[in-house]
**Student:** 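One structure follows; several queries about it will come next.
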Amino acid sequence: MNELLAHFKQLTPTGYLFWILAFVTVLSAIVVVTARNPIHSVLALIATFFCLSGHYVLLNAQFLAAVNIIVYAGAIMVLFLFTIMFLNLRKEDEESKTSLAKIAAVIVGGTLMVLMLGIFKAAQVGSYNAIAFDAKTGLVENLGMVLYGDYLLPFELASVLFLVAMVGAVMLGKREAGDRHF
Amino acid sequence: MDLTVLITKAIIILVIFGITLLIATYSTYAERKVAGFLQDRLGPNRAGPWGLLQPIADAGKMFFKEDFIPAQASKWLFILGPCLAMLTALMSSAVIPFGDSIRFGQYEIPVQGIEINIGMLYIFGVVSLGVYGIMVGGWASNNKFSLLGAIRAASQNISYEIALGMSIIAILMMTGSLSVRAIVEQQAEVGFFGWGVFTQPLGFVIFLVCAFAECNRTPFDLPECETELVGGYHTEYSSMKLGFYLFAEYINMFVSSAVIASLYFGGYHYPFAAQAHEALTNALGANTGHNVATAIGTVLFFGKIFFFIFFFMWVRWTLPRFRYDQLMNLGWKSLIPLSILNVIVTGAGLLFNFNYATWAIVAVMVVLAVMSAAKAPKGAVAMQKA
């Protein structure tokens with residue numbers, strides 16, 4: 001306990017920010033899982049994404065933070081919310097959670113937790129060189145240079161993947177001759 | 001030194017916050033005056049001279065109305081909705097440069113909330129969050145009309161965000177920076193014909209249309225379409241919660257006008273700005289002259305903003321509302337392909353160091369429009385006669 005207090009006493013403002021942010025992140029992530037109402041769950045997930053963006057800002061990766069907000073919080077979660085509103089899951093649907101499903105969930109979750117604990121215990125925590133560290137690594141200019149220089153092929157392949165997904169979505173959504181017009 | 005910077009930043013942010021609220025307040029008054037002018041009536045003229053106290057009277061009325069929460073509504077989300085709408089509306093004005101800088105002794109203070117190198121992404125991120133206020137509020141009301149309004153708002157915002165982002169990308173390609181200040185300064189370097197509206201005419205039109213859709217303004221105000229949805233997402237709201245929703249719309253209007261003015265109309269830059277700056281510094285000394293030049297730029301920037309706010313109102317009282325399928329067709333089948341074409345042509349132009357390449361698309365579009373108008377059978381395009 002005293003060690004913990006001593007640790008908190010010598011923290012910088014950024015350190016305090018990190019702890020507060022980490023606490024809120026974990027709290028909202030727990031709410032995502034435990035919330036009974038799916039809408040509350042989605043809203044908690046949005047809050048989690050915000051906190052993650054906060055962590056990116058603390059790491060001076062502003063571009064990643066902004067893109068995380070735009071893509072996840074701004075687009076994907078809106079679609080989530082949209083779908084859930086359409087499904088009207090307002091009444092708590094307890095029937096679908098049979099005891100078999102609960103047991104299976106406990107086993108899978110427990111295995112995952114054991115696995116994670118084992119991995120984190122075995123893994124070496126990476127070290128960093130404070131002198132050689134470049135604070136501008138996460139800024140958009142450097143990120144662009146890396147993406148379009150060292151990782152050009154994976155980057156382009158990923159964009160081709162998106163294109164294929166887009167064309168597939170259009171094909172699925174296309175109305176065939178004779179289909180009902182809504 | 002650190003504390004001085006912090007205090008000046010705090011003051012600037014507070015001032016910008018106050019100005020945003022003040023302008024939004026008087027936008028409600030201006031809207032009614034403009035509506036009155038366009039419909040050949042007087043508009044509000046009872047409260048104070050020329051009705052100038054009308055917004056304050058309205059706010060007073062809003063505060064004293066019964067603050068009602070429906071019994072079946074999800075209470076906290078019902079309260080959260082308008083708060084989110086207001087929060088996201090107010091956040092984006094932080095990165096807009098309202099002027100060059102103020103020199104004060106050895107300090108040089110930029111007239112801007114915060115200068116970050118991802119300014120445009122920040123604005124885009126905040127804009128994409130704007131829909132949550134409407135969605136959460138609409139869903140929490142537990143009313144079918146509200147829910148429909150919320151769903152319309154969500155699908156409309158998502159659809160138009162794509163074209164909006166694409167039109168911004170063309171601008172970013174030309175400037176090579178995400179900072180709003182850098183974009184403004186780059187336009188200022190070239191001079192009057194370097195303004196975004198001259199280098200990106202098509203991008204400007206797409207951005208403007210998308211801004212209307214993102215602000216839920218007529219002709220795209222389907223989320224609150226009263227002929228179909230009673231009041232849309234704010235059917236169940238009353239008192240200041242409703243006030244927040246309405247107010248957020250005006251703040252959004254102000255912010256998008258400011259973004260349009262800084263991306264496409266040179267921000268605080270004006271023709272012969274460099275000459276004026278030089279003359280002023282020669283006449284009044286380095287610091288005072290610079291500050292006066294900044295003040296002129298800021299005033300002109302606000303002039304541009306007011307013009308666009310007026311433009312928003314002008315369109316609202318001129319055009320009828322779109323139908324929902326028309327809205328989606330316009331967004332997905334016209335604006336997105338056009339904005340992609342705009343990006344490609346801009347890139348091709350930049351390859352040859354030519355900044356005005358997108359005028360080619362505009363020219364082709366005008367020719368096509370004229371041809372289709374000429375081909376159409378007589379009377380098909382003409383106005384219906386009573």
Side-chain angles (χ1 to χ4, degrees), chain A residues 13 31 35-47 49-50 53 56-57 60-91 136 138-145 163 166 169-170 173-175 181-182, chain B residues 2 72-74 76-77 80-81 84 88 91 95 114 116-132 134-136 138-140 142 144 146-159 161-162 164-165 168 172 176-179 182 233 324-325 332-333 336 340:
Chain A
V31 173
R36 296 222 144 185
N37 192 328
I39 297 265
H40 294 167
S41 196
V42 169
L43 290 176
L45 191 54
I46 295 164
F49 282 133
F50 261 93
S53 272
Y56 289 140
V57 171
N60 213 12
Q62 302 168 357
F63 178 75
L64 202 56
V67 168
N68 185 43
I69 295 269
I70 293 171
V71 174
Y72 285 98
I76 293 179
M77 293 323 290
V78 170
L79 281 180
F80 263 56
L81 211 57
F82 188 78
T83 322
I84 288 173
M85 281 179 182
F86 261 133
L87 291 177
N88 196 16
L89 293 170
R90 207 140 191 213
K91 288 181 217 88
K136 292 190 169 180
L139 297 192
V140 59
E141 290 88 357
N142 299 317
L143 198 68
M145 293 311 276
L163 192 67
M166 226 159 74
V170 170
K174 210 172 172 188
R175 206 176 282 127
H181 193 287
F182 288 98
Chain B
D2 225 18
Q72 293 298 308
S74 157
W76 290 108
L77 292 184
L80 185 70
L84 275 179
T88 50
M91 263 165 77
V95 293
I114 36 167
I116 44 176
N117 66 350
I118 51 157
M120 267 332 289
L121 279 182
Y122 173 84
I123 290 178
F124 197 65
V126 173
V127 163
S128 67
L129 295 175
V131 68
Y132 281 120
I134 294 175
M135 283 189 88
V136 168
W139 181 82
N142 196 16
K144 294 230 164 28
S146 303
L147 182 65
L148 279 175
I151 284 169
R152 277 188 176 186
S155 46
Q156 174 180 329
N157 275 39
I158 294 177
S159 311
E161 246 163 47
I162 305 170
L164 186 86
I168 294 176
L172 299 183
S177 172
L178 283 165
S179 149
Y233 59 89
Y324 202 73
D325 59 324
W332 287 96
K333 293 187 183 164
I336 292 176
I340 292 175

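Any value given below was found using the heavy atoms of this structure, including those in side chains, with hydrogens, waters and symmetry copies removed. Note that the coordinates shown come from a computational prediction; the quantities given were computed from them, not determined experimentally. Protein chains get the first letters and strands the later ones, always in sequence-line order, with residue 1 at the start of each.
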**Student:** Test your reading of the model: is there a side-chain donor-acceptor pair from B:Tyr132 to the backbone of A:Ala73, 3.5 Å cut-off?
**Tutor:**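 Confirmed, B:Tyr132 side chain pairs with A:Ala73 backbone.
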**Student:** Heavy-atom cut-off 4.5 Å, strictly under: side chain, backbone, both or neither for B:Ser177 against chain A?
**Tutor:**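 For B:Ser177, there is no contact with chain A at all, as no heavy atom is under 4.5 Å.
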**Student:** At a 4.5 Å cut-off on heavy atoms, which part of B:Ile151 comes close to chain A: side chain, backbone, both, or neither?
**Tutor:**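 For B:Ile151, heavy atoms of backbone and side chain both lie under 4.5 Å from chain A.
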**Student:** Taking the side chain as everything from C-beta on, heavy atoms only, tell me whether A:Val78 gets closer than 4.5 Å to B:Asn157.
**Tutor:**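 Counting from C-beta outward, A:Val78 and B:Asn157 never come under 4.5 Å.
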**Student:** Measure the spacing between CG of A:Leu43 and CH2 of B:Trp139 and express it to the nearest 0.5 Å.
**Tutor:**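 Interatomic distance, A:Leu43 CG to B:Trp139 CH2, rounded to 0.5 Å: 8.0 Å.
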**Student:** Can you measure from CD (A:Gln62) to CG (B:Leu121) and round to the nearest 0.5 angstrom?
**Tutor:**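 Between A:Gln62 CD and B:Leu121 CG, I get 10.5 Å after rounding to 0.5 Å.
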**Student:** Step by step, work out the side-chain contact (heavy atoms from CB on, under 4.5 Å) result for A:Phe50 and B:Leu129.
**Tutor:** CA-CA 11 Å; A:Phe50 261 93; B:Leu129 295 175; 3.1 Å; yes
**Student:** Checking B:Val136 against A:Ile39 for the side-chain contact (heavy atoms from CB on, under 4.5 Å) test, could you report, in this order, the C-alpha distance in whole Å, the side-chain angles of both residues, the deciding distance, and whether it holds?
**Tutor:** CA-CA 9 Å; B:Val136 168; A:Ile39 297 265; over 6 Å; no
**Student:** Using side-chain heavy atoms (C-beta onward) and a distance below 4.5 Å, is B:Leu77 in contact with A:His40?
**Tutor:**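 B:Leu77 reaches A:His40 side chain to side chain.
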**Student:** With side-chain contact (heavy atoms from CB on, under 4.5 Å) as the test, would you mind laying out the steps for B:Glu161 and A:Ile70 before giving the verdict?
**Tutor:** CA-CA 10 Å; B:Glu161 246 163 47; A:Ile70 293 171; 5.9 Å; no
**Student:** Answer yes or no: is there a side-chain heavy-atom contact under 4.5 Å between B:Ile118 and A:Val67?
**Tutor:**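 A side-chain contact under 4.5 Å is absent here.
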**Student:** Got a second to check how far B:Asn117's CG is from A:Phe63's CZ, nearest 0.5 Å?
**Tutor:**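 If we round to the nearest 0.5 Å, B:Asn117:CG and A:Phe63:CZ are 10.5 Å apart.
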